[in-house]
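This report concerns only the one structure given below.
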Amino acid sequence: MTLIKSISGIRGTIGGHTGDTLNPLDIVKFTTAYATFIGGKKIVVGRDGRISGPMVRDIVCGTLVGMGYEVIDIGLATTPTTELAVRWQKADGGIIITASHNPTQWNALKLLNSEGEFLTAADGAEVLRIAEAEDFDYAPVEQLGHVIHDDTMNQRHVDAVLQLRLTDAAAIRNRKFRVCADTINSVGGIILPQLFQALGVDYEILNGYCTGQFAHNPEPLEKNLGGIMDRMRKGGFDLGIVVDPDVDRLAFICEDGTMFGEEYTLVSVADYVLSAPLSQANEAPSGAVGGAFTVSNLSSTRALRDVTERHGGSYAAAAVGEVNVTTKMKEVGAVIGGEGNGGVIYPESHYGRDALVGIALFLSSLAQKGCTVSELRRTFPDYQIAKNRIDLTPETDVDTILVKVKEMFQGDPSAVVNDIDGVKIDFPDRWVHLRKSNTEPIIRVYSEAQTMEQADELGKRLMQVVYDMQSV
C-alpha cells in the first residue's frame, strides 16, 4: 500500500517495506516539515484508539521536541477535542493521529493551524514541498522542547457542548432518554459516556473498550452496523448512536432498529438550529451576506437545501472536503453546515465536524418535539442516494471527459451545471455528481432522486456516457 500524501496530511498502513507504508521515517519527515511550516513554539497532539497510536505518538512527540517545541499531549482524544484544544491552549497548531473511518491497520497525521482547523490547500501544499526538499533544521541541545501531558480536554469538550446556547440540557434530562451507542473500540467509548452522564441520559455502550481492535468495519454505514441495529430491534431504547473511531462522523438509528440515514444527521440538526428563535440561534459570523445560511458539499443530499428554504434561509454548496465546506461557511456566514457523511459543523462551537455537538443538538430537538426518532425522520423530504464508481485506465484523461460531460448539459434548460468540483448536474427532481478521486484511479458517481431505482438509473446513464468516451 502506497503512502497517501495530501494537503490535509499523510496516511497509510502500518508495517511493511520502507517507503511503501506509514513508517517511522515518513512520520519523522512529515512531522518535521509541518513543524518547520508552523514556525511556532507550541503544538497539541491527540490520538484515537488505534493499536499503532502509541508508536506514532511517540515518534511525533519526539520529533517535535527535537524541533524545540512545547508539546501538549492530550492523549486519547477525538478529532474535535484536539481541534478545540489547540484554541484553548493558544497553541500554534495541532497534529491529530487518526485514520478516521479507515480499518485498524491504517493511521494518519492530520494537520491543524492555530485556529484548530485543517490547513488550507495552499498551506498543505507548502508542507508537502518542505517535506520533499528535506531541508530541515533541528534545535540545539540547549533548546530542545518538552512534552506536557494533559488529560483534561475530554471533560472540557463535554462542558463546552453543554454550554452551547441550543443545547437544552434540561429538556434532555426531563425526557429521560435511553440510548444505545456503538463506539467501535476507540475514543468514543471514553468521551460519550461522559457526555451522556452530563446530560442525564441512560445508556448502553457496544464495543466500548478503547482497544483499537475494531469489532467491525469502522465506517458508520448501514452495511457495517448489523450489531447495533439488531440490539435496537429488541426494544428498550429511544435512539441508537454510531460514531467513527475519531468521533467526527455521526449516524443515528431509529427506535425500531432502522437507519435514520447518515445523510439526514446534518439535515435534522440544521432543521433544529434554523427553527430556533434568532435570540438563541448562533449568530452568523462577521461578513455574512444576510439570511440563515447552510452549507454542505456537492455530494450531500438535497434535503438540506429543502429544509433551509422551508425556514426562509439560503443554501450554498461547497467542493467536497471539510476545509472547503468551512471556507464556504465563513464566506456566506452559515449558521450550520457539514457533510452528508454524518459530519455536523456548528460555528458557535468551532469550524470542525463534531459528533458530540451533533448528539447534543439532536437530543435537544427530540426532547423539545416530544416525538420518536422515526416520527422526526418522516418530517423531512425523502431522497435516496446511489453511490457508484468508474474504474479508469492509466491513459484516461479524466479532466477532458468531465469537460465533455459538462458541455453535454450546458444547453439543457432543465439542468443546472456546477463545475467547482468535478461536474454536478442538477435537474428539478434529481441530481448526479461526477468527481475524480484524489486517492484512487476512479471517478466517483453520486446520484440522488426520490427512489433508489431512479437515482441508480441516473448514475448509470452518466457512467455509460463516460464509458463511451473512453472507448473512442
Side-chain angles (χ1 to χ4, degrees), residues 47-51 53 76-81 98-106 154 157-158 161 172 177-199 201-266 268-269 339-344 353-363 366 372-374 376-377:
R47 68 179 180 91
D48 71 12
R50 290 169 188 276
I51 299 169
L76 288 163
T78 75
T79 281
T81 304
T98 176
S100 192
H101 61 272
N102 289 107
T104 188
Q105 70 269 27
W106 286 82
N154 286 331
H157 187 180
V158 170
V161 171
I172 294 172
F177 286 111
R178 177 160 169 75
V179 304
C180 182
D182 184 347
T183 59
I184 194 60
N185 307 108
S186 191
V187 291
I190 298 172
I191 198 167
L192 289 196
Q194 293 178 254
L195 177 67
F196 295 146
Q197 290 163 19
L199 290 171
V201 172
D202 189 18
Y203 63 91
E204 178 178 311
I205 303 292
L206 303 182
N207 306 314
Y209 293 105
C210 188
T211 62
Q213 296 278 11
F214 303 147
H216 55 77
N217 186 308
E219 188 165 14
L221 302 176
E222 181 173 359
K223 63 183 181 180
N224 301 325
L225 303 178
I228 187 171
M229 293 174 73
D230 288 343
R231 185 71 184 88
M232 292 294 295
R233 290 188 192 103
K234 294 176 182 177
F237 296 100
D238 300 294
L239 172 66
I241 296 173
V242 181
V243 293
D244 65 341
D246 66 326
V247 198
D248 62 352
R249 287 176 61 176
L250 172 65
F252 296 122
I253 299 171
C254 299
E255 74 284 351
D256 59 1
T258 59
M259 290 294 296
F260 187 78
E262 192 182 26
E263 288 283 335
Y264 285 82
T265 297
L266 174 59
S268 59
V269 173
E339 298 181 290
N341 62 5
V344 174
R353 297 181 301 184
D354 191 331
L356 273 73
V357 169
I359 291 168
L361 296 182
F362 187 86
L363 288 174
L366 208 59
T372 66
V373 179
S374 58
L376 178 63
R377 176 65 179 80

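The side-chain heavy atoms of I253 and F260, taken from C-beta on, include no pair separated by under 4.5 Å. At a threshold of 4.5 Å between non-hydrogen side-chain atoms, the residues L199 and F177 do not count as touching. Side-chain contact between L221 and H101 is absent, with no heavy atoms from C-beta onward closer than 4.5 Å. Counting only heavy atoms from C-beta outward, the side chains of N102 and F214 never approach each other to under 4.5 Å. In this structure the side chain of N185 never reaches within 4.5 angstrom of the side chain of C210, judged on heavy atoms.
Checked against salt bridge (Lys or Arg N to Asp or Glu O under 4.0 Å), R233 has the following partners two or more places apart in sequence or in another chain: D230. Under the side-chain contact (heavy atoms from CB on, under 4.5 Å) criterion, S374 pairs with C254, E255, T372, R378, sequence neighbours left out. With sequence neighbours left out, D256 forms a salt bridge (Lys or Arg N to Asp or Glu O under 4.0 Å) with no residue at all. With sequence neighbours excluded, the residues that form a salt bridge (Lys or Arg N to Asp or Glu O under 4.0 Å) with E219 are R249. The salt bridge (Lys or Arg N to Asp or Glu O under 4.0 Å) check on E222 picks up nothing, with sequence neighbours excluded.
Geometrically, R231 does not engage F237 in a cation-pi contact defined by less than 6.0 Å to the ring centre and at most 45° from the axis.
Using bins of under 30°, 30° to 60° and over 60° for the plane-to-plane angle, the ring pair F362/F252 lands in the parallel bin.
A side chain to side chain contact (heavy atoms under 4.5 Å, CB included) with I359 holds for exactly one of L239, V344, L195, V161; it is L195.
In this structure, R50 contributes its side chain and T211 its backbone to no donor-acceptor pair below 3.5 Å. A donor-acceptor pair under 3.5 Å is formed between the side chain of S186 and the backbone N or O of P245. In this structure, the side chain of T265 engages the main chain of L250 through a donor-acceptor pair within 3.5 Å.
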Q) Do D182 and H216 pass the side-chain hydrogen bond (donor to acceptor under 3.5 Å, both in side chains) test, and can you show the C-alpha distance, the side-chain angles, and the key distance before you say yes or no? A) CA-CA 10 Å; D182 184 347; H216 55 77; 2.7 Å; yes

(Q) Walk me through whether T183 and I241 qualify under side chain to side chain contact (heavy atoms under 4.5 Å, CB included). (A) CA-CA 8 Å; T183 59; I241 296 173; over 6 Å; no

Q. Is there a side chain to side chain contact (heavy atoms under 4.5 Å, CB included) between T78 and D246 once you walk through the steps?
A. CA-CA 5 Å; T78 75; D246 66 326; 5.8 Å; no

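Applying the salt bridge (charged side-chain N to carboxylate O under 4.0 Å, His left out) test to every pair with at least one member in residues 353-362, sequence neighbours left out, gives these pairs: D248-R353, E322-R353, E339-R353.
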